[in-house]
Q: 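Handing you this structure, nothing more for now.
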Amino acid sequence: MNWSSLGPDNYGSLTRGIVYDKTDATNSTIYIGTMGGGVFKSVNGGLTWKTVSDNLMVSCIAQTEDGTIYIGTGDGRGAHNHNGLLDLNYESSFHGTGIYTLKDNTLTNIESTSIFVNDLTVYAGKVYAATNEGVKCYENGTWTTLMEGEAYSVETCADGDIIAVVGNDVYMSNGNGELSTLITSGDVAS
């Protein structure tokens, strides 16, 4: 069977990522990523929106200094447990199709193995992704896995260190590029 979307086409659903375009000195260009509607762009500060790509389950967005926008897909945060879909017999979150770049209005899939990309952050030309396969780093066209496991969040510090949540533990890179335990689930007070 071949399905065609008949609408509605005037909504984006749950917004999971917002980027003010760094290349726009007027701060009028905004990109948003939504869980059901894909990526939308506004060039007038959010007054009107145009679809950039539809049918993507966008979970996060980040932008590098050169203007490239990275888009993570898939809902690995267990949305089916919180939005009523569990009552409709959904047993897992919505799978994504990896990580995309958006540059010059061209969308390109650069990583297709991660079905849940939960978070993205950038620092000095590197892109870090918290995925169902672990914490990954993208540099010069190559992906490296920094730590395996179900990663839920990743953030960069001002000095380039990264902090990531993998499983129930928090890890930090401490300037060496390798992640070491910062806080374990047993250290957290109830």
Side-chain angles (χ1 to χ4, degrees), residues 3-85 90 92-132 135-138 143 151-156 162-165:
W3 291 85
S4 297
S5 176
L6 297 179
D9 61 2
N10 60 348
Y11 71 96
S13 77
L14 177 65
T15 300
R16 281 286 177 89
I18 301 172
V19 166
Y20 279 83
D21 191 348
K22 294 177 182 182
T23 64
D24 180 1
T26 67
N27 292 321
S28 298
T29 304
I30 308 168
Y31 292 90
I32 64 169
T34 67
M35 284 304 295
V39 179
F40 294 83
K41 178 181 180 180
S42 174
V43 294
N44 55 17
L47 294 175
T48 60
W49 295 89
K50 185 172 188 167
T51 302
V52 174
S53 69
D54 55 5
N55 297 324
L56 280 182
M57 287 295 217
V58 178
S59 55
C60 47
I61 297 180
Q63 186 178 33
T64 57
E65 291 300 321
D66 73 355
T68 303
I69 295 173
Y70 289 82
I71 301 164
T73 63
D75 178 22
R77 295 181 180 104
H80 65 289
N81 293 319
H82 309 289
N83 62 12
L85 290 176
Y90 281 86
S92 70
S93 296
F94 297 107
H95 291 193
T97 52
I99 300 172
Y100 295 78
T101 59
L102 178 62
K103 186 159 179 130
D104 300 325
N105 292 320
T106 301
L107 194 68
T108 306
N109 187 301
I110 61 167
E111 193 276 322
S112 60
T113 62
S114 299
I115 58 172
F116 301 133
V117 181
N118 296 315
D119 202 4
L120 290 171
T121 188
V122 297
Y123 183 84
K126 294 181 181 179
V127 178
Y128 297 96
T131 75
N132 61 296
V135 179
K136 296 182 176 188
C137 177
Y138 184 70
W143 284 101
Y152 297 101
S153 183
V154 62
E155 296 296 332
T156 50
I162 63 168
I163 298 174
V165 177

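Residue numbers count from 1 along this sequence.
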Q: Could you please spell out the steps behind the side chain to side chain contact (heavy atoms under 4.5 Å, CB included) verdict for Val58 and Thr34?
A: CA-CA 5 Å; Val58 178; Thr34 67; 5.8 Å; no
Q: Got a sec, which residues hit side chain to side chain donor-acceptor pair (under 3.5 Å) with Asp21, two or more places apart in sequence or on another chain?
A: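 For Asp21, the residues satisfying side chain to side chain donor-acceptor pair (under 3.5 Å) (neighbours in sequence not counted) are Thr23, Gln63.
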Q: I would like to know whether Ile30 and Ile18 meet side chain to side chain contact (heavy atoms under 4.5 Å, CB included); could you show each step before the answer?
A: CA-CA 7 Å; Ile30 308 168; Ile18 301 172; 4.0 Å; yes
Q: Can you see which heavy atom on Ser59 is nearest to which on Gly74, and at what distance?
A: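 Nearest heavy atoms, Ser59 then Gly74: CB-O, 3.0 Å.
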Q: Inspect the surroundings of NZ in Lys22 and state if more than 12 heavy atoms from other residues, nucleotides or ligands are less than 6.0 Å away.
A: yes
Q: Nearest heavy-atom pair of Asp119 and Tyr152: which atoms, and what distance?
A: CB-O, 4.0 Å
Q: Looking at OG of Ser112 and OH of Tyr100, how far apart are the two atoms once the value is rounded to the nearest 0.5 Å?
A: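 Atom-to-atom, Ser112:OG and Tyr100:OH are 8.0 Å apart.
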Q: From Tyr123 OH over to Cys137 SG, what is the distance, rounded to the nearest 0.5 angstrom?
A: 13.0 Å
Q: Rounded to the nearest 0.5 Å, how far apart are CZ of Arg16 and CG of Asn118?
A: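 It comes to 8.5 Å.
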Q: For residues Leu102 and Val39, report the shortest heavy-atom separation together with the two atoms involved.
A: CD2-CG1, 4.4 Å
Q: Compare every heavy atom of Leu120 with every heavy atom of Gly72, then report the nearest pair and how far apart it is.
A: N-CD1, 3.4 Å
Q: Who are the side chain to side chain donor-acceptor pair (under 3.5 Å) partners of Ser28, not counting sequence neighbours?
A: Thr26
Q: Taking all non-hydrogen atoms of both residues, which atom of Val122 and which atom of Ala62 are closest, and how far apart?
A: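 Taking every non-hydrogen atom into account, CG1-CB, 4.0 Å.
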Q: List in chain and number order the residues that pass ring pair (Phe, Tyr, Trp, His ring centres under 6.0 Å) with Tyr138, two or more places apart in sequence or in another chain; answer none if no residue qualifies.
A: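 Tyr138 satisfies ring pair (Phe, Tyr, Trp, His ring centres under 6.0 Å) with Trp143 only.
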Q: Got a sec, which residues hit salt bridge (charged side-chain N to carboxylate O under 4.0 Å, His left out) with Glu155, two or more places apart in sequence or on another chain?
A: none
Q: The criterion is salt bridge (charged side-chain N to carboxylate O under 4.0 Å, His left out); which residues satisfy it with Asp104, sequence neighbours excluded?
A: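 For Asp104 there are no salt bridge (charged side-chain N to carboxylate O under 4.0 Å, His left out) partners, ignoring immediate neighbours.
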Q: Does Asn44 have any side chain to side chain donor-acceptor pair (under 3.5 Å) partners at least two apart in sequence or in another chain, and if so, which?
A: Ser42, Thr48
Q: Less than 4.5 Å apart, side chain to side chain, heavy atoms only: is that true for Leu107 and Ile71?
A: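 Sidechains of Ile71 and Leu107: in contact.
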Q: Applying side chain to side chain contact (heavy atoms under 4.5 Å, CB included), name anything that partners Thr101, two or more places apart in sequence or on another chain.
A: Thr68, Tyr70, Thr108, Ile110
Q: List for me each residue that meets side chain to side chain donor-acceptor pair (under 3.5 Å) alongside Glu111, sequence neighbours excluded, and say none if there are none.
A: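 Result, side chain to side chain donor-acceptor pair (under 3.5 Å) vs Glu111: Thr113, Ser114, Lys136.
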Q: Is there any salt bridge (charged side-chain N to carboxylate O under 4.0 Å, His left out) pair reaching into residues 26-50, and which pairs are they, with sequence neighbours excluded?
A: none
Q: Is the shortest heavy-atom distance from the side chain of Thr97 to the side chain of Leu56 under 4.5 Å?
A: yes
Q: Quick one: does Asn132's side chain have a donor or acceptor within less than 3.5 Å of a partner on Phe116's backbone?
A: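 Here the side-chain-to-backbone pair exists.
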Q: If the condition is side chain to side chain contact (heavy atoms under 4.5 Å, CB included), which residues does Ile163 pass it with, not counting sequence neighbours?
A: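 Ile163: side chain to side chain contact (heavy atoms under 4.5 Å, CB included) contacts with Cys157, Val170, Met172.
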Q: Do you know which two heavy atoms are closest between Gly98 and Thr73, and how far apart they sit?
A: O-OG1, 2.7 Å
Q: Enter the distance from Ile32:CD1 to Phe40:CZ here, rounded to the nearest 0.5 Å.
A: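 One gets 6.5 Å once the value is rounded to the nearest 0.5 Å.
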